[in-house]
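A note on names: the letters A, B, ... follow the listed sequences, proteins ahead of strands, and every chain is numbered from 1.
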Amino acid sequence: MQYEHTEIEKKWQDEWRKRSTYRVENDTAKPKYYVLDMFPYPSGAGLHVGHPLGYIASDIVARYKRHSGFNVLHPMGYDSFGLPAEQYAIQTGQHPVKTTEINLARYREQLDRIGFSFDWSREVRTSDPNYYKWTQWIFLQLFDSWYDPDQDKARPISELIARFEERGCKGQDASVLTGDIEEFMGEFDAAEWKAFDERTKQLVLQYFRLAYLSDAWVNWCPALGTVLANDEVKDGVSERGGHPVERKKMRQWSMRITAYAQRLLDSLDDLDWSTSLKESQRNWIGRSEGATVRFAVGNDFIEVFTTRPDTLFGVSFITLAPEHVLVGKYTTDDRRPEVEAYVKTASNRSERERQAEVDKVSGVFTGSYAKHPFTGADVPIWVGDYVLSGYGTGAVMAVPGGDQRDWRFAKHFGLPIVAVTEGAEIDKEADERKDATICSEGFLKGMKVPEAITRAIQELEKLNAGEGRINFRLRDAAFGRQRYWGEPIPIYYKDGIPYPLPESALPLVLPEVDKFLPTEDGEPPLARAKNWSYEGNPLETTTMPGWAGSSWYFLRYMDPTNEGRFASPEAITYWQQIDLYMGGSEHATGHLLYFRFWTKFLHDRGWLPFDEPAKKLVNQGMIQGVSAKVLSVAAASFETNIKNVPSLYISSRAFTAMNQSGDYSLVKQVLAELNKGFDGVVTEITVTRLYADVRFVGMNDELDTDAFKRDREKNGSELNVRFIAENDGTFICSREVEKMSKSKFNVVNPDDIISKYGADTLRLYEMFLGPLEQSKPWDTNGIEGTFRFLRKFWNLFYESDVFSVSDEAPTKAEFKVLHATLKKVTEDIEHMSFNTSVSQFMIAVNELAALKCHKRDVLEPLTIALAPFAPHIAEELWQQLDHTESITTAPWPKWDAQYLVEDNFSYPISFNGKTRMQLEFPIALSKEEVEAQVLANPEVQQRLEGKAPKKVIVVPKRIVNIVV
RNA sequence: GCCCGGGUGGUGAAAUGGUAGACACGAGGGACUUAAAAUCCCUUGGUCCGUAAGGGCUGUGCGGGUUCAAGUCCCGCCCCGGGCACCA
């Protein structure tokens, strides 16, 4: 019997479904292992060959762990809320539920064909009310919590209220207040708190809640009609769709992720994640140590943040961000028109413009002065858009001698530049060295920078003019979306104050609306819903962002149908953290930060025994497309009477040759053919490169010209199409490695590969391509190798088409092949080095075929070892080996070192490090004996030409090096 | 500019400081076949010497260094990919 992949794969996919082979139970004595793939968003385009790369790798690990005696949780589900489905709904009027259903079905079908061992009975979808009930529930817990900086954890808001009733709010209590320049709330004592009316109390609490409503500067995207989080904006445009984004102040739901900044940073150290990913997170959190300094202005003050308090004596002005609340206050009347005009233009400039015009210095003087805390000197207060409102306090003390941006600003406006460090060349640039010595007059003079920083902070604290402070770049996350297709936020309003829905009212189900567009008044789509109210009070109309549902989904898989909780404590205690989390590096700063944040929060409030979601995380590399391009030639001629201008395509190598020789007779020839005896001079050749769909390109970059032509004709008429081929008649495309995408016509669909070669070949080939974490181009050409391997493997079980596996005892050589393979494959899976394990399987099959080995004791363990990689063929052969239970229940075969012991070793004999010959010696031989025998060898003697070697190095079982 | 990766044949790649290029694709040659497909065998980094057997030199982005021995370790550069960036 031949290896019939189509038949075998269909048979076992059906069989696994029927038998629920991959169903996982929570109650078992086995140790657990949790392998999770990052939640896919099921787009309409379906899967291309790059998507399953990570799924295949994690599936191999899941299967391997199952063989190794673990109870493996390996689920899959969908992040099914999101903008694309909604955009589509707006365009077509079709409900996003419908399009989502269609996309999910297609996704599932594609996934099923690859033979994954997912437990589909645990599937979750973020858009399912039974799921988002718990997303809403977690939101309510966040709303009902504050961050206690003393205990360094989230606590119920009731405990904060109790505290206010007891001792009010003062000093450090407000230190967790975050957000973009929140107005200072002020202190109050217990009596004052009790005297506050309900409205005031609620407003105060908003400052502390982890999910809170406030006026914040947001990234507003007019084209999408919604607010975006910082990580959803790339280079000033929206990450999805590339629409422009502008700054806007809006009343907005936010998540106080900043309260967790330090913890998010600290616990990175213990995670088994890639360094680059951890670095991205550290970067994004952006911790910097420094000090706040208060500059008095009359009876008031301006607070700045600086990492260099040691340069305080070099301050020559203060710059406020245009959005800073104090700008209006400190602008003198005579400067007011100018300042207001500047603030207006500055705030109208989008992030993108500000970024693009980094070199353009702009600013304006407010007319006011602040007092230097040490010298008492007058320091002018300026406004400049190089200061960001969202970082630090939105104000800087400008030290042109020590900061290049301040230097540029000072130069531009003719402000004084004072040297703060020895050796600074301040007429050229600021000196930002952190190992310099302070030279500015004052008590810091002569100190090294670090020492001066400490001292400056001490002095500031003495004067009550500032203190040491740690600042973070991380901002609170915008949480509300002015969109339809997301989780409704379970909040209603009474007298304009937000109140949480009771748990009994969950899920707050997404209402039907007549259109998925904002209302005429610019209200979000939910405002169109009828009776969108709770007990007569209006409900919140914004919905949650895409990252809400994906920030806790790993917990739901543990107990997906629980109606009383997001997951039972028993399930959580059993499954714990994700042991292996697999996904793309594009989620480095978005999903993975929120994911960690929610986990820490749920931990703080006592619902989780751990505070990190994933112990180990692996980023699979991207699979790039290899685009094919066809050279299209346009010829210009002195002759103007050419009537028939053909679409002329020229094969890549022929073109290169033509270009080198300068002989364009081929082009002329075609023109002559079409224009009856054209004999003009071809004066100019211009070439454009057109994409050819990679489906038309075969082995060795050869284009199927007929298919290409038909395709071109389908998409518009081309009358005269001519191809200039190579001498052998083939037409060659030029190739280029690019991102795999529809627009580049280089998408390879896994379905096509599976139809031709089968899922097992696809799985093996994706792993064989190279190291998992590296990006690599997809080249279908190489797939034959893995396909041939599977056929050869199959043939080990067959002799002239008859299944024949013998029970004869294997020879030493056969056992050696088996155990060497088991050792390598086992170790490789542990290190996630799948490309080398596939190589090892190939070596094994080649060697066993050469040995004509058809023995059960070799083939059976080998089949189990192959099962994680190629489950269908393994399962089929397992059955043919007379097993009735699925191969997934077979224990992993252990390698045995005794079969790998060699008696002899063939030593490479090198002279001065260059290998010259091989000599075989028994392993048992000592160093000295090897040395003696090597030197006694006639060929060695001949090479030594009678001279005594300077030195002989013998490394047992490695090498002999003779130094002459 | 800063922070991470990475640079090895025609291609994807392999290599605890110890025989560079395993494995696979492609290419070339051969066997089987009426022919094709499939399969199998041989050759395949470059270069030079030799009729051949075989042998020499050279070679892991570039330049230095450490070492008996460097793709691997150290120093200084170049190039490519990714992340961050008027972050005070």
Figure out the [atom1]/[atom2] separation between [X] and [N], and round it to whole Å.
X: A:Leu320; N: B:A88; atom1: CG; atom2: P; answer: 18 Å
X: A:Lys756; N: B:A37; atom1: NZ; atom2: P; answer: 14 Å
X: A:Glu702; N: B:G26; atom1: CD; atom2: C1'; answer: 14 Å
X: A:Ile783; N: B:G26; atom1: CD1; atom2: P; answer: 12 Å
X: A:Gln774; N: B:A14; atom1: CD; atom2: C1'; answer: 12 Å
X: A:Arg287; N: B:A88; atom1: CZ; atom2: P; answer: 13 Å
X: A:Leu592; N: B:G83; atom1: CG; atom2: C1'; answer: 14 Å
X: A:Glu738; N: B:G82; atom1: CD; atom2: P; answer: 13 Å

Any side-chain N or O of [X] below 4.0 angstrom from OP1/OP2 of [N]?
X: A:Lys776; N: B:G12; answer: no
X: A:Asn283; N: B:A85; answer: no
X: A:Arg735; N: B:U11; answer: no
X: A:Arg791; N: B:U39; answer: yes
X: A:Arg473; N: B:A85; answer: yes

Side-chain donor-acceptor pair present, [X], [Y], cut-off under 3.5 Å:
X: A:Asn471; Y: A:Ser288; result: no
X: A:Tyr386; Y: A:Asp406; result: yes
X: A:Gln918; Y: A:Ser906; result: yes
X: A:Glu303; Y: A:Thr393; result: no

Starting the side chain at C-beta, find the nucleotide from [options] nearest to [X].
X: A:Ile959; options: B:C86, B:C25, B:U19; result: B:U19
X: A:Trp284; options: B:C84, B:C25, B:C86; result: B:C84
X: A:Met842; options: B:G12, B:C86, B:A24; result: B:A24
X: A:Asp403; options: B:A15, B:A88, B:G18; result: B:A88
X: A:Thr836; options: B:A14, B:A88, B:C86; result: B:A14

Using heavy atoms to find the nearest nucleotide of RNA chain B for A:Ala395 and A:Pro771 separately, return the residue whose nucleotide is more 5′.
-> A:Pro771
With nearest nucleotides of RNA chain B determined for A:Lys824 and A:Arg943 from heavy-atom distances, which residue corresponds to the more 5′ nucleotide?
-> A:Lys824
Assigned chi class of B:G9 under the 90° convention is syn
Assign [X] to base, sugar-phosphate, or nothing according to its heavy-atom contacts below 4.0 angstrom with the strands shown.
X: A:Lys792; value: sugar-phosphate
X: A:Ile953; value: base
X: A:Ser276; value: sugar-phosphate
X: A:Arg469; value: nothing
X: A:Asp406; value: nothing
X: A:Asn846; value: sugar-phosphate
X: A:Val955; value: base

Which value, in whole Å, describes the distance between the [atom1] atoms of nucleotides [N] and [M]?
N: B:C4; M: B:G55; atom1: C1'; value: 47 Å
N: B:G6; M: B:U72; atom1: C1'; value: 15 Å
N: B:A24; M: B:C79; atom1: P; value: 38 Å
N: B:G5; M: B:G54; atom1: P; value: 46 Å
N: B:G21; M: B:A70; atom1: P; value: 16 Å
N: B:A22; M: B:C42; atom1: P; value: 14 Å
N: B:G17; M: B:G71; atom1: P; value: 13 Å
N: B:A31; M: B:A37; atom1: C1'; value: 16 Å

So which of residues 907-918 of chain A are in contact with RNA chain B, with a heavy-atom cut-off of under 4.0 Å?
-> A:Pro908, A:Lys914, A:Thr915, A:Arg916, A:Gln918
Searching all strands shown, indicate the nucleotide that pairs with [N] (Watson-Crick or G-U wobble; both distances under 3.5 Å).
N: B:U44; result: B:G26
N: B:U39; result: B:A31
N: B:G81; result: B:C4
N: B:G17; result: none

Qualifying residue for side chain to side chain contact (heavy atoms under 4.5 Å, CB included) with A:Leu769, from A:Asn835, A:Asp779, A:Ile623 | A:Ile623
Check the angle between the aromatic planes of A:Trp382 and A:Phe413 and answer parallel, tilted or perpendicular using the 30° and 60° thresholds.
-> tilted
Evaluate the side chain to side chain donor-acceptor pair (under 3.5 Å) criterion for residues A:Gln840 and A:Thr821: first the C-alpha distance (whole Å), next the side-chain angles of each, then the deciding distance (0.1 Å), finally the verdict.
-> CA-CA 6 Å; A:Gln840 182 61 39; A:Thr821 302; 3.2 Å; yes
Is it true that A:Arg408 and A:Glu429 have a side-chain N and a carboxylate O under 4.0 angstrom from each other?
-> no
Salt-bridge criterion met for A:Lys927 and A:Glu931 (N-O under 4.0 Å) | no
Less than 3.5 Å between a donor and an acceptor, one on the side chain of A:Arg282 and one on the base of B:C3, is that the case here?
-> no
When only distance counts, do a donor and an acceptor, one from the side chain of A:Asn961 and one from the base of B:C68, lie under 3.5 Å apart?
-> yes
Would you please test A:Glu902 and A:Lys816 for salt bridge (Lys or Arg N to Asp or Glu O under 4.0 Å) and show each step?
-> CA-CA 10 Å; A:Glu902 300 265 6; A:Lys816 193 182 151 194; 2.6 Å; yes
Measure from NZ or CZ of A:Arg596 to the centre of the six-membered ring of A:Trp273, then state whether that distance is under 6.0 Å and the direction lies within 45° of the axis.
-> yes
